[in-house]
Amino acid sequence: MITILAFAWYSCNNEETDFVPSQTIVIMEGEGGTKLITFETNDWRLTSVVNKNGGQKIFGNIFDQDGKLIKENSLLELNELGKIDASWLDKGFNITRNTPNSLQIELYENATEEEFSFAIIIENEGQINEITVVQKICEGYTFEGLEYFLAENDGDTFYVTESNTYTHSISKPMEIEISPFGGINIMNTSYFVSDNYYAFVWFKEDLIEVNVPSSIVDDKIYLSNEKKIYGKISKNWDEEYGTVKEKLLIPEGESKFHVELEWRNRQVSYKLTMKNKRTGDLKIVEGKWIETTPTGIYTIIRDY
């Protein structure tokens, strides 16, 4: 009888042990990373993911084992093989069940100002286990350099816009002086863009000045001596445009003229290299530098 009870106790205890994940607390650095969690049994399901700051269940996207999106912006859960993903601009994670008895946790970089912590809730026939994940704050990066290059669809394109209009009704011809660039907002505008949020987040406080392209000749990029602040929109008015004057002969009777201005849109790709303050590792992100500016070329056209 004692042997039977002992066996029964061992069997129940062993079942509980099988369901315990190989690790119940995962601590990761702010740069992110992956961690594999294993189970002795495959008879379990992921019922939810809970934010430890506030205790709210987390929403995200759910994918099947082939990577097909099956639920969008839904409470996270996995009853079988597949992946769940929750991403914000400055942090996030995905959890993948590639095999029946494992979970792979991947954390994205934590660019917030506080630790990111959540619990993965696992259930098996009414028994609950929890895997707590804690991610530290990323210590940030230093600016190491910026390199420009031409990719597909980069380069200069030109277009024309209509600006000032002049309408007259006079009894005899007369000559007037006009300012082709007057009366409208003629600005040189340039800025950096990137699909990677982390391209700018680390340099909001420490403003970095960089040289920008001044010309493209035979697919070679030449840089200006003037510097712009990386991550900020730059707008400059060229005072020379305000001094440009043009004499216009107005005929007798009714007439209308308008001015067309030529603009250049320049797009150049860039690679930003930055160094992690904690590890010293280099990280490269890519983006585009875009400039829109008048070329100084204009045409005066008589409509009637």
Heavy-atom count check: over 12 atoms from other residues, nucleotides or ligands less than 6.0 Å from D66 CG? yes

Only one of I37, L46, L107 forms a side chain to side chain contact (heavy atoms under 4.5 Å, CB included) with I95, so which one is it? L46

Result for ring-ring contact (aromatic ring centres under 6.0 Å, His included) between Y230 and one of F200, W289, Y191 points to F200

Using a distance-only test with no angle check, is there a side-chain donor-acceptor pair under 3.5 angstrom linking N196 and E286? no

Under 3.5 Å side-chain donor-acceptor pair for D85 and S87: yes

Distance, nearest 0.5 Å, that separates CD1 of I120 from CG of L78: 10.0 Å

Distance-only side-chain donor-acceptor flag, K91 / Q135, under 3.5 Å: no

Charged N to carboxylate O below 4.0 Å: is that the case for E130 and K52? yes

Donor-acceptor side-chain pairing of D154 and Y148 below 3.5 angstrom: no

Spell out, as yes or no, whether a donor-acceptor pair under 3.5 Å connects the side chain of N276 to the backbone of T279. yes

When you measure from the centre of the six-membered ring of F63, is the NZ or CZ of K83 closer than 6.0 Å and no more than 45° off the axis? yes

From OG (S215) to OH (Y222), nearest 0.5 Å: 7.0 Å

Without swapping roles, check the side chain of E123 against the backbone of E125 for a donor-acceptor pair under 3.5 Å. yes

Using a 3.5 Å distance criterion without hydrogens, assess whether the side chain of S117 forms a donor-acceptor pair with backbone atoms of V133. yes

Would you kindly confirm whether L261 and V244 end up in one hydrophobic cluster when ILVMFWY residues are joined by side chain heavy atoms under 4.5 Å apart? yes

Would a distance-only check, ignoring hydrogens and angles, find a side-chain to backbone donor-acceptor pair under 3.5 Å from N101 to E40? no

Measure the CD1-CD1 distance between I221 and I216 for me, rounded to the nearest 0.5 Å. 5.5 Å

Check: N164 side chain, S179 main-chain N or O, donor-acceptor pair, under 3.5 Å: yes

Please name the pair of heavy atoms, one in N211 and one in S224, separated by the smallest distance, quoted to 0.1 Å. ND2-O, 2.8 Å

Check whether N61 reaches the backbone of N73 with its side chain - one donor and one acceptor, N or O, closer than 3.5 Å. yes

In terms of heavy-atom contacts, does CG of D206 have more than 12 from other residues, nucleotides or ligands at under 6.0 Å? no

Nearest heavy-atom pair of A151 and S269: which atoms, and what distance? CB-OG, 3.4 Å

Using a 3.5 Å distance criterion without hydrogens, assess whether the side chain of R97 forms a donor-acceptor pair with backbone atoms of R45. no

For R266 versus S214, what's the shortest heavy-atom pair and its separation? NH1-O, 3.0 Å

Quick one: do I284 and L282 end up in the same hydrophobic cluster if we chain Ile, Leu, Val, Met, Phe, Trp and Tyr together by side-chain heavy atoms under 4.5 Å apart? no

Are more than 12 heavy atoms, taken from residues, nucleotides or ligands other than K232, located less than 6.0 Å from that residue's NZ atom? no

Could you tell me how the ring of Y270 sits relative to the ring of F192: parallel (under 30°), tilted (30 to 60°) or perpendicular (over 60°)? perpendicular

Gap separating the CG atom of N110 from the CD atom of E113, nearest 0.5 angstrom: 10.5 Å

More than 12 heavy atoms of other residues, nucleotides or ligands under 6.0 Å from CD1 of I25: yes or no? no

Residue pair K35 / Q23: nearest heavy atoms and the distance that separates them: CE-OE1, 2.7 Å

Could you grab the distance from atom NZ of K271 to atom CD of E147, nearest 0.5 Å is fine? 6.0 Å

Would you please classify the geometry between the W202 ring and the Y198 ring as parallel, tilted or perpendicular, with 30° and 60° separating the classes? parallel

Verify the neighbour count for atom NZ of K71: are there more than 12 heavy atoms of other residues, nucleotides or ligands below 6.0 Å? no

Can you tell me how the ring of W88 sits relative to the ring of F93, calling it parallel under 30°, perpendicular over 60° and tilted otherwise? tilted

Stepwise side-chain contact (heavy atoms from CB on, under 4.5 Å) test for I300 and I178: CA-CA 10 Å; I300 301 174; I178 66 171; 3.7 Å; yes

Is it the case that over 12 heavy atoms from other parts of the model lie below 6.0 angstrom from the CG atom of L249? yes

Give a yes or no answer on whether the side chain of S234 reaches the backbone of S190 with a donor-acceptor pair at less than 3.5 Å. no

Of E115, E31, E29, which is the lone residue that meets salt bridge (Lys or Arg N to Asp or Glu O under 4.0 Å) with K136? E29

Pairwise distance OG1(T243) to CZ(F181) - rounded to 0.5 angstrom: 9.5 Å

Charged N to carboxylate O under 4.0 angstrom, K228 versus E226? yes

Side-chain donor-acceptor contact under 3.5 Å, T292 with W263: no

For L150 and G155, the nearest pair of non-hydrogen atoms, with its separation, is CD2-N, 4.4 Å

Under 3.5 Å, side chain of Y241 to main-chain N/O of P294, donor-acceptor pair present? yes

Side-chain donor-acceptor pair under 3.5 Å between N51 and Q56, yes or no? no

